[in-house]
Colleague: 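Would you mind keeping the following structure in view while I ask a few things?
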Amino acid sequence: MFLYRVDKRDFKPTEEIVPSTNYNNSLIGLTLEVENKLNEVKPKNTPCRNECLFLFYNLSSALLFSSKYGGNIYVVKVVKKEDCYHRADMNIADSILKFFKVTTDEQTRNDIARWYWEAGSHTFLPCYEVLVSKATVIEKILDNSQRPNANLGYQDIERTDIFFKLLQRVKELEATQS
C-alpha cells in the first residue's frame, strides 16, 4: 500500500525519508503546549511525535495539505510494519488546539490529548496521518511549484484536474508494483 509524504525537501526514487527533528523548533504558544501534551500522554512504546515522519493515508489529504502549506508530494512505502507507530486523524490534533484555547484544566487537557492516541478515534471527515520511523520514496508526483490554489476545500480538491492526473499516476505506479 502506498502512502503520501508532503515535504519541502527534495528526494529521489528509492531514497529513504527520515523525520526532520527540528519540527518542534518552529512551534510556539498553544501549538507547542498541545504538542508537548500529546507527547506526555502518548503510549509508552510510541516515540515522541517530533521523532516520527508523518505520512498521509490518502492522496486528497496530501494534496489539500500541500495546497495550503507548500511542499512536494511523494508516493512512498513503508517497508517494515514495525516502522509504523500509529495512525491518527490530523483533525483531532487541530481540535485539541481549540480545546486548549478554552481550558487550562490539566485533567481536561490530558483527557483531550489522549483522544488523539485512542485506536479508531476520528472526526466526521478524517484526515489520517500515519506516524512512522522512515519511508522509501517511490516517486515525486507533484512539485511544490505545481500545487493547486490554497483556497480549495476537501470536497473541491477531488474535483480538480491535478487530483485526477495524480490519481492516474498513482494507479500506474500501483500496477507496476504488483
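Please read all numbers here as calculations on a predicted model, not as lab measurements.
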Colleague: Show the nearest heavy-atom pair for residues Val132 and Cys84, with the distance to one decimal.
Modeller: CG1-SG, 3.8 Å
Colleague: To the nearest 0.5 Å, what is the distance between CD1 on Ile162 and OG on Ser67?
Modeller: 11.5 Å
Colleague: Taking atom CD of Glu33 and atom OG1 of Thr104, what is their separation to the nearest 0.5 Å?
Modeller: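 Those atoms lie 9.5 Å apart.
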Colleague: Could you go through the side chain to side chain contact (heavy atoms under 4.5 Å, CB included) check for Phe99 and Arg109 one step at a time?
Modeller: CA-CA 8 Å; Phe99 279 109; Arg109 284 183 166 195; over 6 Å; no
Colleague: Check for me, please, whether Val130 and Met90 land in the same ILVMFWY cluster - side-chain distances under 4.5 Å, paths through other members count.
Modeller: no
Colleague: Taking side chain as C-beta onward, heavy atoms only, is Arg49 less than 4.5 Å from Phe54?
Modeller: yes
Colleague: Can you see whether Tyr57 has Arg87 sitting over its ring - NZ or CZ less than 6.0 Å from the centre and within 45° of the normal?
Modeller: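 Pair Arg87/Tyr57 counts as cation-pi.
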Colleague: Is there a path of hydrophobic side-chain contacts, each under 4.5 Å between heavy atoms of I, L, V, M, F, W or Y residues, that connects Ile96 with Leu131?
Modeller: yes
Colleague: Side-chain contact, heavy-atom cut-off 4.5 Å: Leu53 with Val18?
Modeller: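 Side chain of Leu53 against side chain of Val18, heavy atoms only: no contact under 4.5 Å found.
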Colleague: Report the hydrophobic cluster partners of Val102, with the cluster defined as I, L, V, M, F, W, Y residues connected by side-chain heavy atoms closer than 4.5 angstrom, directly or transitively.
Modeller: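 Listed partners: none, Val102 stands alone.
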Colleague: For Asn72 and Lys8, what are the C-alpha separation, side-chain angles and deciding distance, and is it a side chain to side chain contact (heavy atoms under 4.5 Å, CB included)?
Modeller: CA-CA 6 Å; Asn72 307 307; Lys8 293 181 181 175; 5.8 Å; no
Colleague: Side chains of Thr136 and Glu16: any donor to acceptor distance under 3.5 Å?
Modeller: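 Side-chain D/A pair, Glu16 to Thr136: absent.
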Colleague: Side chains of Val137 and Glu139, heavy atoms from C-beta outward: is any pair under 4.5 Å?
Modeller: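 Side chain of Val137 against side chain of Glu139, heavy atoms only: no contact under 4.5 Å found.
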Colleague: Measuring from atom CG of Leu30 to atom CG of Leu97, what distance do you get when rounded to the nearest 0.5 angstrom?
Modeller: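 These two atoms lie 6.0 Å from each other.
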Colleague: For the pair Glu172 and Arg169, find out whether any cationic side-chain nitrogen is under 4.0 Å from an anionic carboxylate oxygen.
Modeller: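 A salt bridge links Glu172 with Arg169.
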Colleague: Check Ile138 against Gln177 and note the closest heavy-atom contact, atom names and distance.
Modeller: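 Smallest heavy-atom distance, with atoms named: CG2-NE2, 4.4 Å.
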Colleague: Could you pull out the closest heavy-atom pair between Leu59 and Leu167, with the gap in Å?
Modeller: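 Leu59 and Leu167 have their closest heavy atoms at CD2-N, 3.6 Å.
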Colleague: Is the ring centre of Tyr128 less than 6.0 Å from the ring centre of Phe56?
Modeller: no
Colleague: Between Lys37 and Glu106, is there a side-chain N and carboxylate O pair less than 4.0 Å apart?
Modeller: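 Answer for the salt bridge query: yes.
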Colleague: Stepwise, does the side-chain hydrogen bond (donor to acceptor under 3.5 Å, both in side chains) test hold for Ser61 with Asn58?
Modeller: CA-CA 6 Å; Ser61 295; Asn58 63 46; 2.8 Å; yes
Colleague: Should Ile73 and Arg5 count as side-chain neighbours, where that means a heavy-atom distance under 4.5 Å?
Modeller: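 Ile73 does not reach Arg5 side chain to side chain.
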Colleague: State whether Asp161 and Arg159 are salt-bridged, where the test is any N-O pair (Lys NZ or Arg NE/NH1/NH2 against Asp/Glu carboxylate O) under 4.0 Å.
Modeller: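 Judged by the 4.0 Å cut-off on N to carboxylate O distance, Asp161 and Arg159 do not form a salt bridge.
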Colleague: State, with a plain yes or no, whether a side-chain heavy atom of Glu51 is found less than 4.5 Å away from one of Pro19.
Modeller: no
Colleague: Quick one, Arg9 with Ile17, criterion side chain to side chain contact (heavy atoms under 4.5 Å, CB included). Give me CA distance, side-chain angles, the key distance, then yes/no.
Modeller: CA-CA 9 Å; Arg9 299 174 288 177; Ile17 304 176; 3.6 Å; yes
Colleague: Can you find a side-chain donor-acceptor pair between Glu40 and Asn36 that sits under 3.5 Å?
Modeller: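 Asn36 and Glu40 do not have a side-chain donor-acceptor pair below 3.5 Å.
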Colleague: Could you grab the distance from atom CD of Glu129 to atom CG of Asn91, nearest 0.5 Å is fine?
Modeller: 9.0 Å
Colleague: Does any N or O in the side chain of Glu15 come within less than 3.5 Å of the main-chain N or O of Lys12, such that one atom is a donor and the other an acceptor?
Modeller: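 Indeed, once roles are kept as given, a pair shorter than 3.5 Å links the two residues.
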Colleague: Do Val6 and Leu63 come close enough that some side-chain heavy atom pair is under 4.5 Å?
Modeller: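 Result no, sub-4.5 Å side-chain heavy-atom pair not found.
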Colleague: How close do Pro47 and Lys42 get, heavy atom to heavy atom, and via which atoms?
Modeller: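 Minimum heavy-atom separation between Pro47 and Lys42: O-CD, 3.5 Å.
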Colleague: Atom CZ of Arg114 and atom OG of Ser121: how far apart are they, to the nearest 0.5 Å?
Modeller: 13.0 Å
Colleague: Would a hydrophobic clustering, with Ile, Leu, Val, Met, Phe, Trp and Tyr connected at side-chain separations under 4.5 Å, put Leu166 with Ile157?
Modeller: yes
Colleague: If you measure from OG on Ser95 to OH on Tyr116, what distance do you get to the nearest 0.5 Å?
Modeller: 12.5 Å
Colleague: Is Met1 reachable from Val75 through a run of I, L, V, M, F, W or Y residues, each pair having side-chain heavy atoms under 4.5 Å apart?
Modeller: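 As far as the 4.5 Å side-chain criterion goes, Met1 and Val75 are not connected within one cluster.
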Colleague: Report the C-alpha distance between Leu173 and Ile141 in whole Å, list the side-chain angles of each, state the deciding distance to 0.1 Å, and finish with yes or no for side chain to side chain contact (heavy atoms under 4.5 Å, CB included).
Modeller: CA-CA 10 Å; Leu173 290 170; Ile141 59 170; 4.3 Å; yes
Colleague: For the residue pair Asp143 / Ser145, report whether a side-chain donor-acceptor contact shorter than 3.5 Å exists.
Modeller: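 On atom types as modelled, these side chains qualify, holding a pair under 3.5 Å.
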Colleague: Is a side-chain N or O of Trp117 found less than 3.5 angstrom from the main chain of Ala88, in a donor-acceptor match?
Modeller: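 Absent.
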Colleague: For residues Ser66 and Leu142, report the shortest heavy-atom separation together with the two atoms involved.
Modeller: OG-CD2, 4.2 Å
Colleague: Can you find a pair of side-chain heavy atoms, one from Asp89 and one from Ile92, that are under 4.5 Å apart?
Modeller: yes
Colleague: What do you reckon, are the aromatic ring centroids of Tyr74 and Tyr4 less than 6.0 Å apart?
Modeller: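 They do not qualify: ring centres at least 6.0 Å apart.
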Colleague: Less than 4.5 Å apart, any side-chain heavy atom of Phe11 and any of Lys140?
Modeller: no
